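Remember, it's 1-based here, ligands and their atoms both numbered in the order they're listed. Because the structure is predicted, anything quoted here is derived from the model rather than measured.
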Amino acid sequence: MEREAAAERIHVLRQQIRHHDYLYYVRDAPEIADAEYDRLFRELVALEEEHPELVSPDSPTQRVGGEPLDAFPTLEHAAPMLSLDSSEDPAALRRFDERLRKALDDHAVAYVVEPKLDGASVELVYEHGVLVRAATRGDGRRGEGVTENVRTIQAVPLRLREPQADGAKSGGKKRGGAKGVSTKGGAAVPRFVAVRGEVVMNVEDFERLNQRLVEEGREPFANPRNAAAGALRQLDPQITAARRLDVAVYDILAADWTGGGPPPASQWQVLETLRAWGLRVNRLPRRVETVDEILAYHAELEARRDDLGFEIDGVVVKLDDLAARDELGTTARHPRWAFAFKFPPRVEVTRLERIVPSVGRTGVVTPVALLRPVQLSGVTVARATLHNREEVARKDVREGDRVRVQRAGDVIPQVIEVIEEPGHERGPAWRMPAECPSCGTGLVERGPFTVCPNSLGCPAQLAGRIVHFASRDALDVEGLGDETSKLLVAEGLVRRLPDLFDLQPAQIEPLPGFAAVSAGKLVDGIRRAAKVDLDRFLYGLGIPEVGVAVARDLARHFGKLSALREADDEGLQQVPGVGPRMAEQITGFFAEPLNSELLDALLERVELGETEPAARHPAGEQPLAGKKVVFTGALAKLTRREAKDLVESLGARATSSVSKSTGFVVAGEDPGSKLDEAQALGVTVLDEGAFLALLAEHGVAPGGG
Ligand code: IVH
C-alpha cells in the first residue's frame, strides 16, 4: 500500500481497536466478535510491518516492547501517594465519621464507598493523552518505574479517549450495548494527568499461575497481591505480559487543567471522568450518607467476597466533596478524609491432624492436610492443599503440628507455615507413599510431582475426570460429584467418559444412596447435558492449561471442534492469551491417539453447540441484542443455566454484576444484593412471571428448546 494510504488506514485501525478495547475493558459491552477484533489487529500489525516508520509508541500493537531491563529507574510521583488510616473495628469507623463531621461543622456529608482492592498501587502518567510513565508506590514519594510492564496490561489504555468522542468520532457504530454508563462529568483530557489505581491479578489467573509454578517446582504465591506485585516487578516485560494483570483506577493524583476542565468536584465525578477517559474503573462504588450504610456496604461486599473474581480486603470510605477534603487536609501519613474499613483477615491457627495423598484426574498425587476444622470468615475449613512433596519438605509440615492456614483469592485454603511449640514432640517427616493409594500402581516422580502412571486404569483418576467433566463450568450435570463418580467407577459402570451417556436408570437404582427417582434424575441430567456448547465441552475435557477463559477463547476463535483439532501451534497462538507453551499442550493433547479415540466416542454421544450467540445471529433476529441481563435468586420454572441460555439465544448477555448498563435484572425467590443494586441504579427488575412473559413474547419458552 502507498505510504499515504497506509498512514490513513493505520490511523483508522488504531482508532477502531482503541474503541473496541474501551468497549471491552471499560464498558464491559463488546460490540464485535473476537475474531473480528483479531482481524483488525492483524491488519494493523501487517501494515506497521510494511511501514515501520509509521509505528508509534501508543499504537495498540506496541504493548510488549523490546529488551528486558537491568534495573528499574526511580521515579518521583506527581503528588505523594498517601496511604490510608485503617481498622477492622466498626467503632473506629464511627470515630472517623464523627471527627470528620465535627471538622466540617456537620454540613451535609456524603461518602463514596469503594472496594479496597488487594493488589499493588500504581501511578499512571498521561501527557497529551499518551501513557508516558508508570510507577509503583514505593515510599509514597518515589517509586520504581515499571512503565514497560504496565504497558503490557491490556486494560491500561496507551492513549486516553476524549469523552465527547463517544461513538460518533471513533468510527464504531453505536448499538444497544454501549448505552447507559454515564460518561458525563467528562472533562476534556488534561495535557498532563497522573492517576492512581491498583494493579491486581484476578483469581482465575492467580490460580493458573500458582498451578504452573507448582508444576515447575517453584514456590507458589501466597495470595493474588503478592502475585500481582511480583509480576509488576519483572525485569522482562514478556513475563509480566504472560501473567495477565488487570487494573482499576480510583483517583486523580495531579493534573494540569489549563485550557481544559472543568475539573471534577467530587469523588463520584472523578470516577465518572476516569471512566469517560477510557480508564477502567471498578463497578462497585456507591454514594452513601450514613455510617449504617457504610456498615451495610461492608457486610454486603464481605458476603460477596468469594464471588467477585478479584481479591478485596475491605472497603475504602472517601469523603465525596473534593473541596471539603482540602479543608480537612492530611496528617503526616494519611488523609483525614478517607478511611479503610478492612475485613478481618482470613488467617487462622489450627492443628494439622493428618496428611493424606490424594490422586487427581491427571494422576498427580497431592498431599492434602486434614485439619481440625476452623472458621475462616464464615467458612469451615477442614482441608488444605500442600501442593506437592517438595512443598511439604520446604515448609517441613508434619502430622500433629500447629499450623497457620489462609484463604486468599484461592477458595482452596493453604497451609502457610508451622507454628513452633516449644516442648511439643513433633512427629516424623512426612513421606509420599510408594504406591498409588487408589490402584496400587508404583508411583513415579516427575519433577516436583509424584504421579500415578496408570492413567487409564486408575479409578481415582477416572473419577476425577468425571467430576471435572460434569462440573458447573463444563457439562454442568447435577448430582455427579465426587461420591457418585467414585461409585460409578468402583461398580464398573463407567470405564471411560463416554460410558456416562450410556448409563441406564436400572443400573444406578441398586447403588447405595440411590432409588428409582434419583437414578432417573441422574440419567436425565446426563442426557440433557449432552447438548453442550463447545467452550464448556472443551473445558470439561481437562486439556492441560485450558481453563474456563481459554476454553471460551478457543471456542470463539475456532468455532468448531474440527477446526481446533486440526490447528497447529502457530494457528493456536493466534488466539489471544495462548502462548507457545499452552499451544504445545493443546496440540499434544489432540495428537495423542487415545485422546483422539475418546473424543470420537464422545462426539457420537454429545451434540455440540456454538459458543457466542452474539456473534452468530444476524442482528435482526436478536430482539435482545446488546442487552445485559443479571439473574439473582432462584427461579422456579427453570434453572439459572437454562435461563441464561434462553436470553443469550435472543442476543442478550448474562453478566454477573449490576451496573447502569444492565438492561434488566431477573429476580427470583430470595434475591441477593443485586436486587438492591438494581433498584439503587434504577435498572428494570422483572420477576419470574414477567421474565417468562418476555421470553414468550419472543417465541422462546423454557424446556421447549
Ligand atoms: S485510596 C489517599 N481507594 O489501599 C488515597 N486505595 O493504604 C489513597 N487501595 O495503598 C488510596 N483500593 O493501594 C484507595 N479504592 C481504593 C483502593 C485503595 C485499594 C489500596 C491503595 C493503598 C491502600 C491503602
Side-chain angles (χ1 to χ4, degrees), residues 77-88 92-93 96 100 111-124 134-144 146 150 153 155 194-202 223-229 232-233 245-255 264 266-275 279-288 294 297-298 300-302 305 308-322 324-343 345 408-409:
H77 299 309
M81 291 176 76
L82 302 174
S83 63
L84 295 175
D85 191 9
S86 71
S87 173
E88 295 160 29
L93 171 72
F96 159 77
L100 183 143
Y111 295 109
V112 171
V113 283
E114 302 173 7
K116 186 170 181 311
L117 305 163
D118 202 5
S121 203
V122 288
E123 175 195 40
L124 310 176
T136 62
R137 177 166 177 273
D139 64 5
R141 306 188 136 273
R142 284 179 215 91
E144 287 177 303
V146 287
V150 166
I153 305 173
V195 303
R196 175 171 181 174
E198 203 79 358
V199 167
V200 300
M201 189 177 288
N202 291 318
N223 52 52
R225 172 176 19 96
N226 293 359
L232 208 50
R233 300 189 65 260
L245 295 170
D246 201 349
V247 78
V249 298
Y250 47 71
D251 196 17
I252 298 177
L253 274 172
S266 67
Q267 174 66 10
W268 196 256
Q269 285 177 14
V270 165
L271 296 177
E272 285 184 333
T273 303
L274 293 169
R275 188 173 290 152
L279 288 155
R280 184 144 147 126
V281 175
N282 185 275
R283 294 274 168 192
L284 298 168
R286 188 179 294 169
R287 204 165 173 276
V288 301
I294 299 173
Y297 182 76
H298 182 268
E300 205 180 285
L301 285 200
E302 191 171 9
R305 193 173 175 185
L308 294 176
F310 50 88
E311 190 52 1
I312 63 175
D313 61 345
V315 304
V316 182
V317 184
K318 302 175 180 176
L319 183 64
D320 193 28
D321 183 342
L322 302 192
R325 282 186 185 180
D326 285 344
E327 243 173 81
L328 290 170
T330 69
T331 70
R333 275 157 298 140
H334 15 76
R336 292 200 179 87
W337 43 261
F339 185 77
F341 183 23
K342 306 237 287 184
F343 298 140

*Hey, is Leu84 touching ligand 1 through its side chain, its backbone, both or neither, going by heavy atoms under 4.0 Å?*
both
*Over 60° means perpendicular and under 30° means parallel, so classify the ring planes of Phe341 and His298, tilted if in between.*
parallel
*Identify the residue among Asp320, Val316, Ile294 that makes a side chain to side chain contact (heavy atoms under 4.5 Å, CB included) with Val113.*
Ile294
*Is the backbone of Ser121 close enough, under 3.5 Å, to the side chain of Arg196 for a donor and an acceptor to pair up by distance?*
no
*Evaluating non-hydrogen atoms only, which member of Arg196, Met81, His334, Arg225 is closest to atom 10 (O) of ligand 1?*
Arg196
_Less than 4.0 Å is my threshold; does some heavy atom of Lys318 fall inside it relative to ligand 1?_
yes
*For ligand 1, which atoms sit closer than 4.0 Å to a heavy atom of Glu114?*
3 (N), 15 (N), 16 (C)
*Only heavy atoms count here, so choose which of Arg333, Lys116, Gln267 is nearest to atom 23 (C) of ligand 1.*
Lys116
*Is it true that Glu311 and Arg225 have a side-chain N and a carboxylate O under 4.0 angstrom from each other?*
no
_Checking a contact table here: which protein heavy atom is nearest atom 12 (N) of ligand 1, and how many Å away?_
Leu117 N, 3.0 Å
_ligand 1 contacted by Pro335 (non-hydrogen, < 4.0 Å)_ = yes
*What atoms of ligand 1 come within less than 4.0 Å of a heavy atom belonging to Ser83?*
7 (O)
*Taking the non-hydrogen atoms of Asp251, is any one of them nearer than 4.0 angstrom to ligand 1?*
no
*Please examine the side chains of Val270 and Leu322, heavy atoms only from C-beta on, and report whether any two atoms are closer than 4.5 Å.*
yes
*Tell me: protein heavy atom nearest atom 14 (C) of ligand 1, and distance?*
Tyr250 CE1, 3.3 Å
*Hey, is the main chain of Leu328 close enough, under 3.5 Å, to the side chain of Arg336 for a donor-acceptor pair?*
yes
_Element-labelled atoms of ligand 1 that are located less than 4.0 Å from some non-hydrogen atom of Pro115_ = 12 (N), 15 (N)
_Atom indices of ligand 1 within 4.0 angstrom of Leu82 heavy atoms, with elements_ = 8 (C)
*Is the backbone of Glu144 close enough, under 3.5 Å, to the side chain of Thr136 for a donor and an acceptor to pair up by distance?*
yes
*Using the test salt bridge (charged side-chain N to carboxylate O under 4.0 Å, His left out), find all partners of Arg280 that sit at least two apart in sequence or belong to another chain.*
Asp246
_Please check whether Glu198 reaches ligand 1 - meaning an N/O of the residue sits under 3.5 Å from an N/O of the ligand, judged on distance alone._
yes
Using distance only, find each side-chain donor-acceptor pair of residues 78-85 under 3.5 Å and give its atom names and separation, not counting sequence neighbours.
none

